[in-house]
Amino acid sequence: MSEWFSGIKAKFILDFIADQRWKYITDGLKVTLEVTFLALILGLVLGAVIAVIRTTHDQLKEDQSKGFGSFLIKLADLICRVYLTVIRGTPTMVQLLIMFFIVLASSNNKVMVAVITFGVNSGAYVAEIFRSGIMSVDKGQMEGRSLGLGYTDTMLQIIMPQAIKNCLPALVNEMITLLKETSICGYIGLNELTRGGDIIRGITYDAMMPLLIVAVIYLVIVMFFTWLMGKLERRLRESDIR
């Protein structure tokens, strides 16, 4: 037993202590969290805008389907549908490679490439989550317009807060998925968490310890977000009771 512990200790020292190789993990974790956070913001903004456009288009009445304004809404809805079809119908890794080697080939900022790619990808899924949340709100809530509020004010002040509350669990799940998807950033040479563990594996020729540590870090972060979601949901339920 003591020999087993000695072997584990020797591997740990070789993989993380020697030459300060633990920095590959910590530096990679910073990049992973940075890409996830910024891409999440971009995805939420894109998703909210697309959800409002598609919902507005679906709520157009026949007597409102004419005119330049309705034409713009229909055109925007068509663009959104194409965007959703393309993004949800192609692999994230392919999108990342296209963005890096073709669309943003002139850029040397790999973090920016990753943020834009994952933000655009996440926006397609967030849009459908927001849309389902908006549709779950009773149509009578739109009667706020009869109180003098415009469509935009009614959507922002009445509909969206309720929609976000309804789709909060799905949004947290999307954030967790986004966090794990950033592990493919190594394909464009971005030293995120997974690539940090793989670099250590390539140096020490020991795969078990570095990759297990990477897996544990991802697991801890996901468990933290899950706990946070549960706590937030309880607070929201308590506020509804009051």
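Computed from a predicted structure; not experimentally measured.
What you find for Leu96 and Ile184 is that their closest heavy atoms are CD2-O, 3.6 Å. Nearest heavy-atom pair across Pro210 and Gly197 is CB-O, 3.4 Å. In this structure, Cys185 and Glu192 approach most closely via the heavy-atom pair CB-CG, 3.5 Å. When all heavy atoms are compared, the tightest approach of Leu46 to Gly119 is CD1-O, 4.0 Å. Of all the heavy atoms in Ala124 and Leu84, the pair that sits closest is O-CD2, 3.3 Å. Residues Gly47 and Val126 share a closest heavy-atom pair of CA-CG1, 4.0 Å.
Remark: Thr32 engages no residue in a side chain to side chain donor-acceptor pair (under 3.5 Å) (not counting sequence neighbours). By the side chain to side chain donor-acceptor pair (under 3.5 Å) test, Arg88 pairs with no residue at all, sequence neighbours left out. Scored by the side chain to side chain donor-acceptor pair (under 3.5 Å) test, Lys30 finds no partners at all (sequence neighbours excluded).
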Does the pair Leu171 and Leu44 meet the rule for a side chain to side chain contact (heavy atoms under 4.5 Å, CB included), with working shown? CA-CA 9 Å; Leu171 286 175; Leu44 288 174; 4.2 Å; yes

Kindly determine whether Val113 and Leu190 satisfy side chain to side chain contact (heavy atoms under 4.5 Å, CB included), including the steps that lead there. CA-CA 10 Å; Val113 173; Leu190 187 60; over 6 Å; no

Before you tell me yes or no, could you show the steps for Arg131 and Ile50 under side chain to side chain contact (heavy atoms under 4.5 Å, CB included), namely the whole-Å CA-CA distance, both residues' side-chain angles and the distance that decides it to 0.1 Å? CA-CA 8 Å; Arg131 183 165 171 263; Ile50 293 170; over 6 Å; no

Could you walk me through whether Asp198 and Arg195 satisfy the salt bridge (Lys or Arg N to Asp or Glu O under 4.0 Å) test, starting with their C-alpha distance in whole Å, then the side-chain angles of each, then the deciding distance to 0.1 Å, before giving a yes or no? CA-CA 5 Å; Asp198 197 49; Arg195 183 171 170 83; 5.7 Å; no

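Separating the CE atom in Met175 from the OG1 atom in Thr226 is a distance of 8.5 Å, to the nearest 0.5 Å. Note that OH of Tyr24 is 4.0 Å distant from CD1 of Ile203, once rounded to the nearest 0.5 Å. Here the CD1-CH2 distance, from Ile200 to Trp22, works out to 11.0 Å after rounding to the nearest 0.5 Å. We find the CE-CG distance between Met99 and Asn121 to be 9.5 Å, quoted to the nearest 0.5 Å. Atom-to-atom distance recorded for Leu193:CG and Leu29:CG is 5.5 Å, nearest 0.5 angstrom.
The closest side-chain heavy-atom distance from Lys231 to Trp227 is below 4.5 Å. In this structure, Val115 and Ile41 have side chains that are not in contact, with every pair of non-hydrogen atoms separated by 4.5 Å or more. Annotation: side chain of Thr182 is not in contact with side chain of Val31 (no heavy-atom distance under 4.5 Å). At least one side-chain heavy atom of Phe16 sits less than 4.5 Å from a side-chain heavy atom of Ile213. At least one side-chain heavy atom of Val52 sits under 4.5 Å from a side-chain heavy atom of Thr56. When side chains are defined from C-beta on, Asn191 does not count as touching Asp27, because their heavy atoms never get closer than 4.5 Å. Counting heavy atoms from C-beta on, the side chains of Thr194 and Tyr218 come closer than 4.5 Å.
Applying the side-chain hydrogen bond (donor to acceptor under 3.5 Å, both in side chains) test to every pair with at least one member in residues 203-217, sequence neighbours left out, gives these pairs: Asp15-Thr204. A side-chain hydrogen bond (donor to acceptor under 3.5 Å, both in side chains) check over residues 36-54, counting only residues at least two apart or in different chains, returns the pairs Arg54-Glu128.
Open room surrounds CE on Met135; 12 or fewer heavy atoms of other groups in view lie less than 6.0 Å from it. Crowding of Asn109 atom CG: a count of heavy atoms from other residues, nucleotides or ligands under 6.0 Å exceeding 12.
Without hydrogens or angle criteria, Ser132 side chain to Ile129 main chain gives a donor-acceptor distance under 3.5 Å. Judged by distance alone, the side chain of Gln95 and the main-chain N or O of Ile87 form a donor-acceptor pair under 3.5 Å. Not a single donor-acceptor pair under 3.5 Å links the side chain of Asp19 to the backbone N or O of Arg21. Proximity of a side-chain donor or acceptor of Thr26 to a complementary backbone N or O of Lys23 within less than 3.5 Å is detected.
When hydrophobic clusters are built by joining Ile, Leu, Val, Met, Phe, Trp and Tyr residues whose side-chain heavy atoms come closer than 4.5 Å, directly or via intermediates, Ile25 is not grouped with Leu211. Put simply, Phe224 and Ile221 are part of the same group of oily side chains (I, L, V, M, F, W, Y) that touch within less than 4.5 Å, one to the next. One hydrophobic cluster holds both Ile217 and Phe37 under the rule that ILVMFWY side chains link at heavy-atom gaps under 4.5 Å. By the rule that hydrophobic residues join a cluster once side-chain heavy atoms approach within less than 4.5 Å of another member, Ile98 and Val120 end up as members of one cluster. Ile116 and Val86 are not part of a single hydrophobic cluster, where members link through side-chain heavy atoms under 4.5 Å apart.
Grouping Ile, Leu, Val, Met, Phe, Trp and Tyr residues whose side-chain heavy atoms lie under 4.5 Å apart, directly or via other members, places Met223 in a hydrophobic cluster with Leu219.
The side chain to side chain contact (heavy atoms under 4.5 Å, CB included) test with Phe118 is passed by exactly one of Leu38, Leu42, Thr92: Thr92.
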